[in-house]
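The next block holds one structure in the form of C-alpha cells; read it before the comments.
Values below: every heavy atom of this structure, side chains too, minus hydrogens, waters and symmetry copies.
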Amino acid sequence: MDSKAYSGGLAELRALRDDIKPLQRELSKLQAELTKLRSRRDQQIVQLGTYERAKADRIATSAGLSVIDVVALVPALGPAGRLRRSPGLSGHRP
C-alpha cells in the first residue's frame, strides 16, 4: 500500500462513517420506541394474568411470546401457581 492508496482508503472510511451516522440515530429512536412498546405489552400481560381463568398459552399467543416468557412475568400462571390458585387444592385435608 502506498500513500495514495492509504489516503483513498481514509476517504472511503469517512464516507462509510457518514452513511452510518444517520442510521445509528434512527436505530436509537426505533430501539427506544420498541422498549416502550415492550413495556406496555408486559404491563398488559401482568394485568391479564390477574384474571382467575387466565391461561399462559392464550396470553402468549396473543402477545407473540413463549409460554415461558409469560410465566416469567406472571408466575401464578405456571404449574406451581396454578396449584395455589385452584380452589380445593390448598394442600389441607379436612
Side-chain angles (χ1 to χ4, degrees):
M1 176 177 289
D2 61 5
S3 175
K4 187 175 181 176
Y6 181 75
S7 293
L10 289 175
E12 186 178 334
L13 192 58
R14 285 190 292 275
L16 287 170
R17 176 199 64 202
D18 292 343
D19 289 342
I20 290 171
K21 268 186 170 182
L23 295 175
Q24 280 182 318
R25 273 184 254 148
E26 185 179 343
L27 180 59
S28 293
K29 289 177 186 176
L30 289 173
Q31 285 176 326
E33 186 177 340
L34 181 60
T35 299
K36 288 178 188 176
L37 291 172
R38 284 181 172 160
S39 177
R40 283 180 46 203
R41 179 199 59 201
D42 292 351
Q43 290 172 356
Q44 183 74 18
I45 289 169
V46 170
Q47 184 179 17
L48 291 171
T50 63
Y51 177 58
E52 71 179 59
R53 292 185 176 183
K55 295 187 180 209
D57 59 335
R58 302 262 328 260
I59 293 173
T61 301
S62 295
L65 295 174
S66 69
V67 172
I68 292 171
D69 292 332
V70 171
V71 171
L73 290 167
V74 187
L77 296 178
R82 252 186 272 136
L83 290 176
R84 279 184 257 133
R85 288 172 49 167
S86 299
L89 293 177
S90 62
H92 300 289
R93 292 184 182 214

remark   = When rounded to the nearest 0.5 Å, the distance separating CG of Asp18 from CG of Leu23 is 11.5 Å

Can you list, pair by pair, the side-chain donor-acceptor contacts under 3.5 Å of residues 24-42, counting residues two or more places apart and other chains?
| from | atom 1 | to | atom 2 | distance (Å) |
| --- | --- | --- | --- | --- |
| Ser28 | OG | Gln24 | O | 3.1 |
| Thr35 | OG1 | Gln31 | O | 2.9 |

task = Mind checking the NZ-OG spacing from Lys55 to Ser62? Nearest 0.5 Å is all I need.
result = 13.5 Å

Do any side-chain atoms of residues 1-10 form donor-acceptor pairs under 3.5 angstrom with protein atoms, and if so which ones, sequence neighbours left out?
| from | atom 1 | to | atom 2 | distance (Å) |
| --- | --- | --- | --- | --- |
| Asp2 | OD1 | Lys4 | N | 3.4 |
| Asp2 | OD1 | Ala5 | N | 2.8 |
| Ser7 | OG | Ser3 | O | 3.2 |

Gap separating the CD1 atom of Ile45 from the OG1 atom of Thr50, nearest 0.5 angstrom = 12.5 Å

Name every donor-acceptor pair, under 3.5 Å, that has one atom in a side chain of residues 63-76 and the other anywhere in the protein, sequence neighbours excluded.
| from | atom 1 | to | atom 2 | distance (Å) |
| --- | --- | --- | --- | --- |
| Ser66 | OG | Asp69 | N | 3.2 |
| Ser66 | OG | Asp69 | OD2 | 3.1 |

query = Where is the tightest heavy-atom contact between Ala56 and Leu77, given as atom of each residue plus distance?
reply = CB-CB, 4.0 Å

